[in-house]
Amino acid sequence: MLSLAVGIVLADSAIVTLALPEILRELETSVSAVAWVLTGYNLALGLTAVPAARVCMKPDRAPGAAAIGLVLFAAASAACALAPSLTVLLSARVLQAIGGALVITAALELLVMTTSDAHRGVRRWAQAGVTGAALGPVAGGLLTDAIAWQSIFIVQVPLVLLALPAALRLRAAARAPGADAMVMAEQPVVRLDPSGSDRPRIAANLALALISAALTAALFLLVLLLIEAWRRSPAMAALTVTVIPVAAICSGFVARSARAGTKGEAVAGSILTGGGLIALGFLPSADPVWTLAPQVLVGLGLGLTVESLTAFALRDRFPRVLQGGWTIASRHLGIVAGLLVLTPIFASDLAAARAPAADAVAALVIDASLAPGDKLDLAGALARQFDAEAGRVPEVGPAFAAIDFAARDLPEAGRLELALTDQLERAATRAFRDAFIAGGLLALMAILPALALREIDRTRRAPAPGSAGPRGEVVV
Amino acid sequence: MSCRTLLLPFAALVAVAVVLGVQLASGGADYGPPQPAAACTGARDDRQTRAFPPANAGLDRLTEYVVLAGVEEAACELRISRERLLLALPSAEGRRAVARAADAEQGDVTRVLKDGLRHGIAALGSAGRLPPASVLLDRHAGQLGLPGLLAGAVNRVPDRVVDGLLPTAEVLISAVDRLNLDELLNGINDPQRLETALRAAIGSAALDVARERLTDALRFWR
């Protein structure tokens with residue numbers, strides 16, 4: 001249940017991605033403003049992860065912090081579902097993130113406690129995060145299509161509260177007499193690597209931040225491309241982007257077969273993520289099939305990098321919960337940086353694409369073999385449609401439906417409608433190119449910190465129990 | 001880095017190269033809206049003759065031809081695409097932007113547009129694609145706004161006389177001269193206003209041309 005809660009909190013960083021177009025329409029806002037539904041959550045989560053980790057550094061506080069976080073997250077989720085305006089939605093998202101930060105950081109300690117194995121607990125925590133982040137957009141898309149965007153938040157309320165009994169049970173256990181020994185076995189002062197330090201691993205966290213920034217491009221931009229530019233339904237888009245989590249899960253098999261070590265996995269993952277994103281910028285058609293191979297690259301890359309880098313950042317570093325807080329902060333501030341860098345590029349390219357798209361549409365209408373009167377009426381209807389959907393990729397169907405074409409002109413009108421749709425899809429797809437390439441470059445930049453990673457010698461013998469570490473801490 | 005460490009990044013590079021290679025080979029680099037054709041491709045005569053409406057074309061086809069010829073001519077003069085000009089024409093701001101881009105006065109836009117319309121009409125006339133006035137009056141008396149009584153009276157006049165008095169190209173060019181294009185374009189979304197302005201210009205041009213022809217004829221008889 002704790003893993004599920006971690007998965008949901010991290011899924012929330014991208015779960016609304018597929019719902020953004022619907023939120024954009026329903027709350028009557030702009031692409032740049034609606035991006036803050038993602039940005040606000042990730043920014044708040046990134047900024048509060050380390051303070052939340054500090055709250056949870058005393059193990060007896062972790063269960064209580066988890067319980068408070070779960071209740072806050074659930075209440076804020078309900079507020080998101082009921083939000084009548086973008087301002088209320090953004091405020092509720094910030095509260096959700098604060099609750100989520102408590103849940104994630106406390107869950108790291110609690111998972112280690114419940115598994116009685118630091119490595120297994122950390123791995124389960126990291127896996128829950130990767131799976132949640134990768135499956136979030138799919139779940140959000142399916143719920144948006146089946147019900148409404150509000151259902152994404154409503155569904156989360158009972159799901160996160162399922163972990164509440166576990167948190168309360170652990171809290172009671174931590175306070176029970178004789179519980180100190182169990183708790184102390186995982187005390188943050190314990191150091192397995194006496195030569196190490198308590199400082200966060202900068203290179204691993206920086207690589208995580210860059211890869212997470214690229215993840216934004218993969219999910220946010222791809223979903224907007226599918227729904228807004230290509231006019232696919234959220235369910236269809238969800239089905240399409242499922243490739244990323246599936247490939248991310250399969251990456252475990254690749255990693256086990258290759259046994260390339262953290263550095264090899266991180267470099268390969270950065271190349272795959274970056275290359276996949278750049279490939280998304282050079283799609284030869286508006287057919288979702290063409291996005292599959294690039295998505296496989298991105299998914300494999302994310303799977304290889306995020307899990308191994310997170311485990312590396314936490315390995316033999318203490319206090320573990322604080323190190324976990326740093327990885328969460330890095331990832332989510334990376335997502336924020338990605339959104340802040342990529343959204344203006346995409347928004348400006350989309351605005352710049354309007355003129356060539358309008359030219360192409362005008363040329364097709366002028367040269368169409370339709371009655372001149374019908375052409376004039378169609379031009380007027382198209383202009384109204386373009387104005388009505390200002391800032392978004394327009395749909396030509398309603399303009400054609402408004403014209404009463406003569407029976408003999410219907411085949412030509414149908415051909416023209418297809419040609420106009422094709423031109424708009426071409427212009428919109430082209431508008432995403434620079435943002436995808438920029439996202440790809442962010443992922444490729446992660447190669448530099450990945451190359452700076454030093455493999456940890458797992459064969460080094462741990463110091464004898466009871467001996468002192470370099471800073472006087474007790475080794476158990 | 002050991003061989004085992006290098007193998008995975010190398011495999012990743014190969015996978016990326018294969019996917020990107022397939023996409024680029026399938027036209028991924030060029031997928032986008034086409035560039036609009038330059039308005040000045042080919043000589044003016046080529047542009048004006050390449051899409052003459054068929055000989056039996058109705059008034060709306062002829063009008064469309066003349067308007068498009070005018071726009072193409074003006075676009076060529078202003079060095080922008082006909083699509084960009086056509087999209088800019090309906091708004092005063094659009095026309096100002098076109099004039100600014102062409103380093104010209106706003107009046108120059110309507111002036112070159114009028115020139116283009118005249119050339120379009122002249123090209124149709126020279127190619128023998130403009131129907132004689134008698135045919136136009138016969139087929140389109142209603143569209144031209146002629147009152148029933150006048151249409152009946154004109155029908156009684158022999159076609160030869162009508163065609164002699166009202167040479168189509170001359171009447172239309174004279175009508176274009178009389179049009180206030182700025183005013184016409186500002187009200188382009190109001191079909192009623194547009195039709196009234198066009199009828200008034202054509203009617204007035206027809207009367208003046210006929211009067212001029214009659215005066216010339218009378219002078220000759222004297």
Side-chain angles (χ1 to χ4, degrees), chain A residues 254-255 258-261 263-276 278-286 290 293-294 296-297 300-301 304 353 355-363 365-367 371-373 375-376 379-380 383 423-427 429-431 433 447 451 455, chain B residues 1-37 51 53 57-68 71-72 80-91 188-191 194:
Chain A
V254 176
R259 282 185 293 160
K263 188 188 283 189
E265 285 177 20
V267 172
S270 305
I271 292 170
L272 286 169
T273 309
I278 291 170
L280 282 172
F282 289 96
L283 295 171
S285 150
W290 279 103
V296 169
L297 297 180
L300 285 174
L304 282 175
D359 284 354
V361 166
V365 174
I366 289 168
D367 295 332
K375 281 203 256 185
L376 269 179
Q423 287 307 322
L424 290 173
E425 282 179 347
R426 280 170 173 272
T429 308
R430 179 66 185 78
R433 179 174 292 173
I447 292 174
L451 284 172
E455 294 293 349
Chain B
M1 281 173 94
S2 67
C3 281
R4 189 170 276 282
T5 310
L6 284 172
L7 192 65
L8 198 57
F10 180 72
L13 271 175
V14 172
V16 167
V18 168
V19 172
L20 257 176
V22 169
Q23 292 193 176
L24 292 176
S26 307
D30 306 319
Y31 188 69
Q35 288 296 314
L59 201 55
D60 51 355
R61 287 259 179 239
L62 293 171
T63 310
E64 181 189 31
Y65 173 85
V66 169
V67 169
L68 286 182
V71 169
E72 282 196 3
I80 59 167
S81 72
R82 63 172 186 166
E83 289 81 14
R84 197 59 58 87
L85 178 60
L86 206 59
L87 291 168
L89 281 178
S91 79
I188 203 154
N189 291 324
D190 180 354
L194 193 69

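To find a chain, count down the sequence lines: A is the first, B the second, and so on, and within it residues start at 1.
The part of A:L304 that comes within reach of chain B is its side chain, from C-beta onward, which places non-hydrogen atoms under 4.5 angstrom from that chain. Heavy-atom distances place both the backbone and the side chain of B:L13 under 4.5 Å from chain A. Heavy atoms closer than 4.5 Å to chain B are found in both the backbone and the side chain of A:A355. Using a 4.5 Å cut-off between heavy atoms, A:A379 makes no contact with chain B at all. When heavy atoms are compared at a cutoff of 4.5 Å, A:L297 approaches chain B solely by way of its side chain, counted from C-beta outward.
A:P372 has its side chain out of reach of B:T63: every pair of non-hydrogen atoms, C-beta onward, lies at least 4.5 Å apart. When side chains are defined from C-beta on, A:I271 does not count as touching B:F10, because their heavy atoms never get closer than 4.5 Å.
Heavy-atom minimum distance, B:D30 versus A:R426: O-NH1, 4.4 Å. Across all their heavy atoms, B:E64 and A:I366 have their closest contact at OE2-O, 4.2 Å. The minimum heavy-atom distance between B:L8 and A:G264, with the atom names listed, is CD2-O, 4.2 Å. The minimum heavy-atom distance between B:L20 and A:F282, with the atom names listed, is CD2-CD1, 4.3 Å. The shortest heavy-atom contact between B:R84 and A:P356 is NH2-N, 4.4 Å. Considering all non-hydrogen atoms of both residues, B:S26 and A:P284 come closest at O-CB, 3.3 Å.
If you tally non-hydrogen atom pairs under 4.5 Å between each of A:A358, A:A268, A:G281, A:G380 and chain B, the highest count goes to A:A268. Note: A:A286 leads A:A266, A:A286, A:G276 in heavy-atom pairs under 4.5 Å with chain B. The residue among A:E265, A:K375, A:R433 with the most heavy atom pairs within less than 4.5 Å of chain B is A:R433. In terms of heavy-atom pairs under 4.5 angstrom with chain A, the leader among B:V18, B:L86, B:V19 is B:V19.
Checking side-chain atoms of B:Q23 against main-chain N and O of A:A279 turns up a donor-acceptor pair under 3.5 Å.
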